[in-house]
2 protein chains.
Amino acid sequence: MRILIVEDEPTLGRQLKSTLEQNGYAVDLSTDGEDGHFMGSTEEYDAVVLDLGLPEIDGLTVLGMWRKEGRRFPVLVLTARDSWSDKVAGLDAGADDYLAKPFQTEELIARLRALIRRSTGNSSAELIAGDVRLDTRSGRVTLAGEPVKLTAQEYKLLSYLLHHKGKVVSRTELIEHIYDQDFDRDSNTIEVFVTRIRKKLGPDVITTIRGLGYSLNDPAQVARG
Amino acid sequence: MRILIVEDEPTLGRQLKSTLEQNGYAVDLSTDGEDGHFMGSTEEYDAVVLDLGLPEIDGLTVLGMWRKEGRRFPVLVLTARDSWSDKVAGLDAGADDYLAKPFQTEELIARLRALIRRSTGNSSAELIAGDVRLDTRSGRVTLAGEPVKLTAQEYKLLSYLLHHKGKVVSRTELIEHIYDQDFDRDSNTIEVFVTRIRKKLGPDVITTIRGLGYSLNDPAQVARG
DNA sequence: AGATTCCATGCGCATCCTGATCGTCGAGGA
DNA sequence: TCCTCGACGATCAGGATGCGCATGGAATCT
């Protein structure tokens, strides 16, 4: 999952980026409204954290522009405490959730998780496909009840596929959502990690759709068909 | 474990801080309601000691604000003796326990211990992981029955991990809960103390989860897997 | 003075990326 | 139906990187 942070205060911004990365997200950081807007318009994000008090362009304006352009990623807005007017205006502009500054990082992460979960149409914090279970809160993966050790990249890849269970996910899409901005797009890392995951979780978890990409099927459905 | 004291009377405040520190807590001290509220909102505390008779903002108001913002740390309220009305109002505002002034520091510590124990979901005053036992009352640690001498920081680190057994705890989280406000966050002290604890208690007590942090596993559970 | 805590440095290993090679699938022709 | 060939995907090994560990000495506290 890839996230954009638009936050003008450098210290807070960097701290957030680091925290989110520790929680298994790919993170881009933008420090002003104009750049932030550009990033959100050109790159593929699964969620955006947007501070309202920005230089150059106001956060609400940026949000409005995105929605006008048809960007649908969930947006978590950071507001000053007790700022009622901001809250109302933000709702109108298309924000999905709020967090008043100052906030606890734990709460930010919990809310982001919930946003992404909702936006991908998953109802539970635990993602399941056959014998494979991934708990998005603890970051633990189990195979038939047994805990499995995954590396950071393996986890990101599996997590994205699980969030989009049943859908065919192209290599490009995976690269866009697993890595942050500066990454060489011409490489076969995705294949490498698919191989690794298959070794750890069994060869049937991820299905290859030749020429299109990968798909993660719930064996229950396959058995039916 | 890190604690915030909000107490306007400087003598009592400093005395409390020192007592709690001697008992293995990291302590921040705030002398008025406004600052106290800010601290509680921005930093990570495992418990708060809150005096109701404060200048600027009243203690109860501060407590109400925290709860509205979603802060869940347990709060121990200090009231004047026989102040029934305070007690009722405090309960409504979300206090977890009471202590009437004047009080014995021993009782304060005992109650704090109980509060933290409950809030972290531990039922006993003795925390156990494999051969390692930590008695939160006496502050003693034993390995397979044999007493082990830990330094202050070693104890704090181990105690926090034991309170959150099974959870993956990031380096940042550890720093936030082991040290008080003014501490340089860029250093490798956590690693150093982890090394030290491993030397005293054995290499398998603390598990490293690369890129994420540390985790303390109950061998009983590992044995199952 | 002694213990404790903190910081800086160098080392080792897990992880990740790259590039090469091998395997597999499927279309088209005989 | 079978074979051939081209394109795509899978796998493997080597090397770079960064993270965590260990250690000694400086700074700090008791």
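A note on names: the letters A, B, ... follow the listed sequences, proteins ahead of strands, and every chain is numbered from 1. On a predicted model such as this, the values are computed, not experimentally measured, just so you know.
Phosphate contact (OP1/OP2 of dC16(C), side-chain N/O of Y179(A), threshold under 4.0 Å): absent. Of the side-chain N and O atoms in T151(A), none sit less than 4.0 angstrom from OP1 or OP2 of dA14(C). For dT4(C), the OP1/OP2 oxygens have no side-chain nitrogen or oxygen of K156(B) closer than 4.0 Å. The side chain of T189(A) contributes no N or O atom lying less than 4.0 Å from OP1 or OP2 of dT18(C). Contact annotation: T195(B) side-chain N/O to dA22(D) OP1/OP2 distance is under 4.0 Å. At the phosphate of dC7(C), OP1 or OP2 sits under 4.0 Å from a side-chain N or O atom of S187(B). For the OP1/OP2 pair of dG20(D) and a distance below 4.0 Å, the side-chain nitrogens and oxygens of R171(B) include at least one atom meeting the criterion. For dC16(C), the OP1/OP2 oxygens have no side-chain nitrogen or oxygen of Y155(A) closer than 4.0 Å. Residue R198(B) places at least one side-chain N or O under 4.0 Å from the OP1 or OP2 atom of dC21(D).
In this structure, CZ of R196(B) is placed 8 Å from C1' of dT5(C), rounded to the nearest angstrom. Straight-line distance from the CZ atom of F193(B) to the C1' atom of dC21(D): 15 Å, rounded to whole Å.
For R2(B) and Y179(B), the side-chain atoms include no donor-acceptor pair closer than 3.5 Å. Between D46(A) and H177(A), the side chains place a donor N or O and an acceptor N or O closer than 3.5 Å (distance only, hydrogens not considered).
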So K17(B) and E7(B), salt bridge (charged side-chain N to carboxylate O under 4.0 Å, His left out) or not? Walk me through it. CA-CA 10 Å; K17(B) 181 169 151 75; E7(B) 166 62 64; over 6 Å; no
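Mapping R210(A) and V192(B) onto DNA chain C by nearest heavy atom places V192(B) closer to the 5' end of the strand. Nearest-nucleotide assignment on DNA chain D puts the 5′-proximal partner with Y214(A), out of Y214(A) and T208(B).
L16(A) pairs with exactly one of L108(A), D51(A), I109(A), L29(A) by the side chain to side chain contact (heavy atoms under 4.5 Å, CB included) rule, that one being L108(A).
Comparing dC16(C), dT4(C), dC21(D) by their closest approach to the side chain of Q153(A) singles out dC16(C). Of the candidates dT11(D), dC21(D), dC25(C), dT11(D) carries the atom nearest the N188(A) side chain, counting heavy atoms from C-beta on.
Inter-residue side-chain proximity for D8(A) and T31(A) is flagged as unmet; no heavy-atom pair is nearer than 4.5 Å.
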